[in-house]
Number of protein chains: 4
Amino acid sequence: MEKETVRIEGFSDAVFAIAVTLLVLELHVPDKDSIRNGNDLVIFMKNQWPAFLAFILSFFSVFIMWVNHHKIFKQIYSRNSAIMFANGLILFLVSTVSYPTALLARYFNGEASAVVVAIYTGIFVLINFAYNLLWFLASRNKKLLRPGITDAAIKKIRNNYLYGFPIYLIALLFSFWIPLVSLIIILGLWFFWALSSGKIEMNVTEDRNRKIK
Amino acid sequence: MEKETVRIEGFSDAVFAIAVTLLVLELHVPDKDSIRNGNDLVIFMKNQWPAFLAFILSFFSVFIMWVNHHKIFKQIYSRNSAIMFANGLILFLVSTVSYPTALLARYFNGEASAVVVAIYTGIFVLINFAYNLLWFLASRNKKLLRPGITDAAIKKIRNNYLYGFPIYLIALLFSFWIPLVSLIIILGLWFFWALSSGKIEMNVTEDRNRKIK
Amino acid sequence: MEKETVRIEGFSDAVFAIAVTLLVLELHVPDKDSIRNGNDLVIFMKNQWPAFLAFILSFFSVFIMWVNHHKIFKQIYSRNSAIMFANGLILFLVSTVSYPTALLARYFNGEASAVVVAIYTGIFVLINFAYNLLWFLASRNKKLLRPGITDAAIKKIRNNYLYGFPIYLIALLFSFWIPLVSLIIILGLWFFWALSSGKIEMNVTEDRNRKIK
Amino acid sequence: MEKETVRIEGFSDAVFAIAVTLLVLELHVPDKDSIRNGNDLVIFMKNQWPAFLAFILSFFSVFIMWVNHHKIFKQIYSRNSAIMFANGLILFLVSTVSYPTALLARYFNGEASAVVVAIYTGIFVLINFAYNLLWFLASRNKKLLRPGITDAAIKKIRNNYLYGFPIYLIALLFSFWIPLVSLIIILGLWFFWALSSGKIEMNVTEDRNRKIK
């Protein structure tokens with residue numbers, strides 16, 4: 001059975017790659033008038049730490065999203081309109097990440113901190129929802145999936161994203177109370193996904209081995 | 001029969017992906033001086049609603065154009081200079097979408113509303129024309145198409161784009177009268193294409209099944 | 001014999017696609033203060049005609065360069081360091097096109113006209129040189145080329161680019177005298193390449209047919 | 001044995017291509033008020049020489065990084081989480097190159113020269129570290145590599161990157177003393193890699209030939 005989703009994956013990869021690479025444009029170089037010597041530049045860059053934090057946080061978040069996208073589409077072999085548009089929603093949200101990142105970079109350190117962290121966390125709630133939707137739409141019809149995929153593997157992938165939803169919501173709530181905690185929760189989830197991504201892959205390989213036997 | 005259009009599709013995908021991802025650069029982050037607290041930021045973003053509307057409208061329009069490009073090129077197997085340059089015209093127009101989007105974002109809410117909606121709608125009239133041209137040039141010579149494609153499928157694709165032309169022209173006319181109606185017509189056409197794209201694909205699958213029998 | 005240049009082509013396609021799509025960022029949207037109504041906007045855009053001209057000229061020039069890159073790499077099957085770096089030089093020059101385009105857009109209409117047209121034309125002289133270099137390095141060793149390519153086809157491709165060199169130099173000279181003539185010569189060369197690209201492809205197909213017999 | 005790393009390479013190629021093409025955005029076009037004629041423009045561009053130098057230096061450095069990435073991944077056939085994230089670190093650092101390039105462009109010619117050259121060189125120290133890490137993680141487990149790769153080839157690739165580390169550190173130290181020397185060392189290393197890349201490739205071909213016999 002031929003994989004029908006090659007061009008969708010190529011297009012999605014390009015959107016992820018551009019979204020992740022455009023983030024650097026938010027690291028602003030100081031105006032020539034404000035910098036007289038190396039010391040001024042070092043001080044300027046130190047004061048810009050929220051911009052570097054936001055850049056690193058967003059870069060690796062979009063990168064891990066890409067890893068997850070990759071992992072999901074390894075299981076999807078056919079496509080229909082529903083999958084096309086759930087994927088379109090993911091790409092839309094991924095392409096917007098640079099906007100809340102820029103807000104976080106500029107206003108995390110100040111009075112508007114709670115609002116920008118809420119917007120930043122909110123985008124991740126929506127992206128998590130879109131991933132859940134994609135996998136729901138794809139796994140609802142086993143004809144669309146990789147032949148021989150087990151129900152256990154389908155459920156494992158579903159749970160992996162489903163558990164993220166309440167945690168992102170908690171992060172969203174914290175943003176109005178202690179914004180820094182929200183960012184730490186998001187960071188924690190990335191570690192969880194980075195580590196769990198290996199396990200699911202292994203599981204898939206087991207399935208494949210079982211099929212071969 | 002080998003498909004000769006792989007590299008054209010890859011290049012086109014990249015242009016679509018970049019065009020769609022660059023749109024976010026038009027969402028401007030407010031200057032630090034104008035924002036004292038979270039409330040100021042919320043008010044700033046509320047006033048920026050035409051920018052968000054323009055961003056969403058353009059993102060999904062380019063995305064649906066990509067879906068349609070994908071669908072047309074699934075039927076094209078060989079290429080000639082005419083197809084190369086009709087495709088070049090599509091890519092040219094797609095790459096310009098961010099400019100009328102930026103105009104719409106900045107001037108929809110004001111005196112210049114009619115002019116920016118006319119320019120925005122005008123681009124879609126031209127893009128629709130370019131898609132009609134591409135399919136006309138490709139389907140004129142059945143040797144360029146997927147072997148076994150039926151005349152009914154060729155006609156169905158043609159009509160799908162042909163019907164769009166007068167509707168976009170109507171949207172263009174409305175822009176001088178009630179600009180909002182133009183945008184609603186464009187939105188309506190996207191729903192039409194999103195829904196009709198499924199049907200044509202099914203049709204293609206039927207053809208394939210028929211051929212196999 | 002497997003084609004070794006797939007990843008080089010993919011990378012090159014991406015650079016061409018980004019270079020061509022970034023050009024639109026040079027079409028500036030007017031500041032909100034300077035536009036009171038639709039009429040002001042129309043006048044602003046009319047005065048911006050050199051920006052639109054430069055955008056269209058550069059878009060299709062990079063697009064035709066991509067078509068030619070595509071055509072040359074269809075004949076190259078193996079790679080060596082020399083080809084890698086000749087290709088790197090092409091990509092470097094292609095990625096810079098947006099800079100002379102921006103200069104042309106801003107200063108064609110004024111005192112600095114001759115200088116910006118000379119810079120703009122100069123980039124095309126260099127790009128033409130890089131294409132000649134690539135084909136010289138690739139065709140010098142027939143082991144790198146598509147098996148079965150005829151000497152006539154190799155020569156035809158070489159001449160196609162070689163003839164461009166003196167014409168671009170003439171365009172460069174005219175830029176100091178009548179800048180508009182330089183741009184018309186460049187436009188003329190694109191038509192030449194757009195039309196000649198079809199012929200060489202046909203020739204290649206003939207070779208293939210001959211080989212099959 | 002099927003190569004599992006195709007989509008990682010595609011994504012990485014896109015990030016490299018975007019990172020390298022975005023560099024041109026740092027070449028600024030002068031404001032219309034400051035340029036009265038062609039002479040003013042020539043003087044402006046002459047004064048901007050550090051921007052052109054930084055652009056050329058960074059373009060070819062990212063290009064050579066891509067060539068090396070290409071070369072390493074030709075030897076990697078399977079992937080695991082460790083490789084995914086070592087590659088993610090490379091892409092992160094590559095995507096940031098435009099920031100120190102912009103600093104170098106603006107401040108190389110002035111009091112902050114030492115600081116910007118140190119930052120610029122520092123990024124290359126980190127990138128060299130990330131390449132060493134990637135190859136360490138990949139080559140530690142021969143199951144991940146191209147079947148039939150010799151220990152000599154593995155060691156040759158390792159040394160190729162390992163030798164770069166102390167040299168980049170020396171370049172970093174020089175940035176505080178004679179900044180220009182740092183840039184010349186970086187330039188020298190690129191020539192070294194450009195030239196050595198050919199040799200390793202040949203070596204690989206020898207391995208392949210040996211395997212065939």
Side-chain angles (χ1 to χ4, degrees), chain C residues 4-23 25-26 28 47 51 54 62 78-85 87-107 109-119 175-176 179, chain D residues 5-6 9-32 34-45 48 51-52 55-56 58-60 62-64 66-71 73-74 190-191 193-202 205:
Chain C
E4 277 181 15
T5 52
V6 176
R7 205 177 157 191
I8 303 172
E9 290 171 41
F11 181 75
S12 305
D13 281 1
V15 171
F16 276 99
I18 301 155
V20 97
T21 317
L22 285 183
L23 291 171
L25 299 181
E26 287 306 322
H28 294 294
N47 289 335
V62 175
S78 292
R79 59 187 172 65
N80 58 18
S81 297
I83 286 178
M84 285 298 260
F85 291 97
N87 191 43
L89 182 62
I90 290 177
L91 298 183
F92 170 72
L93 293 168
V94 164
S95 83
T96 65
V97 166
S98 75
Y99 183 69
T101 304
L103 289 177
L104 190 69
R106 211 171 283 189
Y107 297 107
N109 206 5
E111 294 289 313
S113 186
V115 172
V116 294
V117 173
I119 294 169
S175 65
F176 296 104
Chain D
T5 51
V6 176
E9 289 171 41
F11 182 75
S12 305
D13 282 2
V15 171
F16 276 100
I18 301 155
V20 98
T21 317
L22 285 182
L23 291 170
V24 76
L25 298 181
E26 287 306 322
L27 296 179
H28 294 293
V29 173
D31 284 334
K32 211 149 186 179
S34 61
I35 305 294
R36 285 154 311 168
N37 53 46
N39 216 33
D40 285 4
L41 186 61
V42 171
I43 290 166
F44 174 90
M45 289 178 74
Q48 237 197 342
F52 292 107
F55 173 57
I56 293 171
S58 292
F59 186 95
F60 286 102
V62 175
F63 182 72
I64 289 173
W66 172 75
V67 172
N68 278 292
H69 191 268
H70 191 31
K71 202 169 61 185
F73 268 93
K74 275 187 75 167
W190 297 334
F191 275 98
W193 273 316
L195 295 175
S196 73
S197 78
K199 282 185 200 152
I200 284 185
E201 264 178 272
M202 246 181 296
T205 317

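Here the structure is a predicted model, which means the values were calculated and not measured. Per chain, numbering begins at 1; letters A, B, ... match sequence-line order.
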**OP:** Could you go through the side-chain contact (heavy atoms from CB on, under 4.5 Å) check for C:F11 and D:S12 one step at a time?
**Re:** CA-CA 10 Å; C:F11 181 75; D:S12 305; over 6 Å; no
* Asked: Taking the six-membered ring where the residue is Trp, are the ring centres of D:F60 and C:F92 under 6.0 Å apart?
  -> yes
Closest non-hydrogen contact found for D:F63 with C:G88 is CZ-CA, 3.4 Å
The reported gap from CD in C:E111 to CG in D:D40 (rounded to nearest 0.5 angstrom) is 10.0 Å
If one checks every heavy atom of C:T96 against chain D at 4.5 Å, the contacting part turns out to be both
Check: Any donor and acceptor pair, going by atom type alone, linking the side chain of C:R7 with main-chain N or O of D:G10 inside 3.5 Å?
Finding: no
Honestly, the part of C:A19 sitting under 4.5 Å from a heavy atom of chain D is both
Looking only at C:V116, C:V115, C:D13, the option with the highest number of non-hydrogen pairs under 4.5 Å against chain D is C:V115
Between C:L103 and D:P30, the two heavy atoms sitting closest are CD2-CD, 4.2 Å
Okay, D:I18 and chain C: the region with an atom under 4.5 Å from a heavy atom over there is both
On a heavy-atom basis, the closest approach of C:M84 and D:W66 is CE-CZ3, 4.0 Å
Checked D:D31, D:I64, D:N39 vs chain C; the most non-hydrogen pairs under 4.5 Å come from D:D31
So, the part of C:I119 with a heavy atom under 4.5 Å from chain D: the answer is side chain
Q. Does the side-chain contact (heavy atoms from CB on, under 4.5 Å) test come out yes or no for D:K32 and C:R106, once each step is laid out?
A. CA-CA 7 Å; D:K32 211 149 186 179; C:R106 211 171 283 189; 4.1 Å; yes
Review point. D:T21 and C:L91: side-chain contact (heavy atoms from CB on, under 4.5 Å), yes or no, with the steps?
Key: CA-CA 9 Å; D:T21 317; C:L91 298 183; over 6 Å; no
Note: vs chain C, highest number of non-hydrogen pairs under 4.5 angstrom among D:L41, D:V24, D:L25, D:V42 is D:V24
Would you indicate whether the side-chain heavy atoms of D:V67 and C:S81 approach each other to under 4.5 Å?
no
Turns out that what part of C:L22 lies under 4.5 Å from chain D's heavy atoms comes down to side chain
